[in-house]
Amino acid sequence: MPSGQRAQWKGFLKFGEVSCGVALYTAASTSERITFNTINKATGNRVNRIFVDSETEDPVPKEAQTKGFEIENGQYIIIDPEEVSAAIPESNKTLEIEAFIPCSDVDDVYFDKPYYLTPDKMGGDAFAALRDAMKKSMVAAIARTVLFRRMRTVLIRPHGKGLIASTLNYDYEVRSSEKAFEEMPKLKIQGEMLDLAKHIISTKKGEFDPATFDDRYEAALADLVKAKLEGKSLPKPKKVQVSKPNDLLAALRESAGMMKAATDKPKRTAANANTGAGRQRAARGAAVKSATSKAAPQRKAS
């Protein structure tokens, strides 16, 4: 069990006639993001959310609220929460593997949320056998089970010492790429313009290291909170200039020259992923903590 984490789901992983106890842990979390409350400007107090009737505008208490499905404009079928609960498939707490497929078979648009899949103490041998066999065969597993009150399809892949299970979007949930790109003009780039673009790509090749990607939005929010507490104002960001078609070739030539100059300089070694992420969180937390300690009498807004 990962230290400090609570399992989101516990059950069994079954392949063939072999099964072992497993647990799912959240692999990605937004809990460390800066959040804001809605505040009444006049009083400085936090605002509470109240549901009101769309016609009478009278407040509707929680016990008087129910579910409804709109069949036409303003006409609803009333569905009680108990009826919704009764319609949810029963969970047998088993991730049953239905097939093993090549890892590249699933398009990225179907990926939903990742979870670390770990064994319990009694199922370590069976879990390790499946993990190692999948690694050597270079395959992923498709499994189905009820997760969080929904029947979910899950893609399971070897990941470090364990497995990673990613819930998948259903086909009806994924929008057509043809519709997304239907208004794009049919352009074929060639000649010098294509050669320059390829040159820029070749000079910028590297490896994926998440530690090198800073969350600029979170850092900007931390700076904003600190500046507000200190009574300062932040500089306005510069506007991004979009390349015009007539200037595109000149911009590519300039970029190619800049890339060539950059390759002549020694490259900085990327930081360790965990170290970089921890450093970013520590710096952000220290900035806000420092600001709040200087303005303790003020109302906290995050």
Item checked: Partner of Y110 under side-chain hydrogen bond (donor to acceptor under 3.5 Å, both in side chains), chosen from D171, N169, T167, T153 ->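 Between Y110 and the candidates, side-chain hydrogen bond (donor to acceptor under 3.5 Å, both in side chains) is satisfied uniquely by D171.
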Distance (rounded to the nearest 0.5 Å) between [X] [atom1] and [Y] [atom2]:
X: R149; Y: S85; atom1: CZ; atom2: OG; result: 4.5 Å
X: K186; Y: K188; atom1: NZ; atom2: NZ; result: 13.0 Å
X: I79; Y: K67; atom1: CD1; atom2: NZ; result: 10.5 Å
X: W9; Y: L117; atom1: CH2; atom2: CG; result: 7.5 Å
X: D112; Y: L155; atom1: CG; atom2: CG; result: 12.0 Å
X: L168; Y: R144; atom1: CG; atom2: CZ; result: 11.0 Å

Next item on the list: Can you establish whether the number of heavy atoms outside E178 located under 6.0 Å from its atom CD is more than 12?
Entry: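 Counting other residues, nucleotides and ligands, CD of E178 stays at 12 neighbours or fewer.
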Check: Is the closest basic N to carboxylate O distance between E218 and R33 below 4.0 Å?
Finding: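 So E218 does not pair with R33 through a salt bridge.
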Margin query: Looking at R150 and E173, is any side-chain nitrogen of the basic one under 4.0 Å from a carboxylate oxygen of the acidic one?
Written below: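 Yes, this pair counts.
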Next item on the list: Please report the closest heavy-atom contact between N40 and V47, naming both atoms and the distance.
Entry: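 Closest approach of N40 to V47: N-CG2, 3.5 Å.
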Margin query: Show the nearest heavy-atom pair for residues R157 and S166, with the distance to one decimal.
Written below: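 Taking every non-hydrogen atom into account, NH2-OG, 3.1 Å.
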Margin query: Keeping T26 on the side-chain end and A28 on the backbone end, is there a donor-acceptor pair under 3.5 Å?
Written below: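 No; judged by distance alone, with no hydrogens or angles, the pair does not exist.
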Checklist line | Whether T145 side chain and T94 backbone form a donor-acceptor pair below 3.5 Å | finding: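 Side chain of T145 to backbone of T94: a pair is present.
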Notebook entry, point to check: Transitively linked via ILVMFWY side-chain contacts under 4.5 Å: Y25 with F148?
Noted result: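 In one cluster with Y25: F148, no.
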Note to self: If only side-chain N and O atoms count, and only distance matters, is there a donor-acceptor pair under 3.5 Å linking T38 with R49?
What the structure shows: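 No donor-acceptor contact under 3.5 Å links the two side chains.
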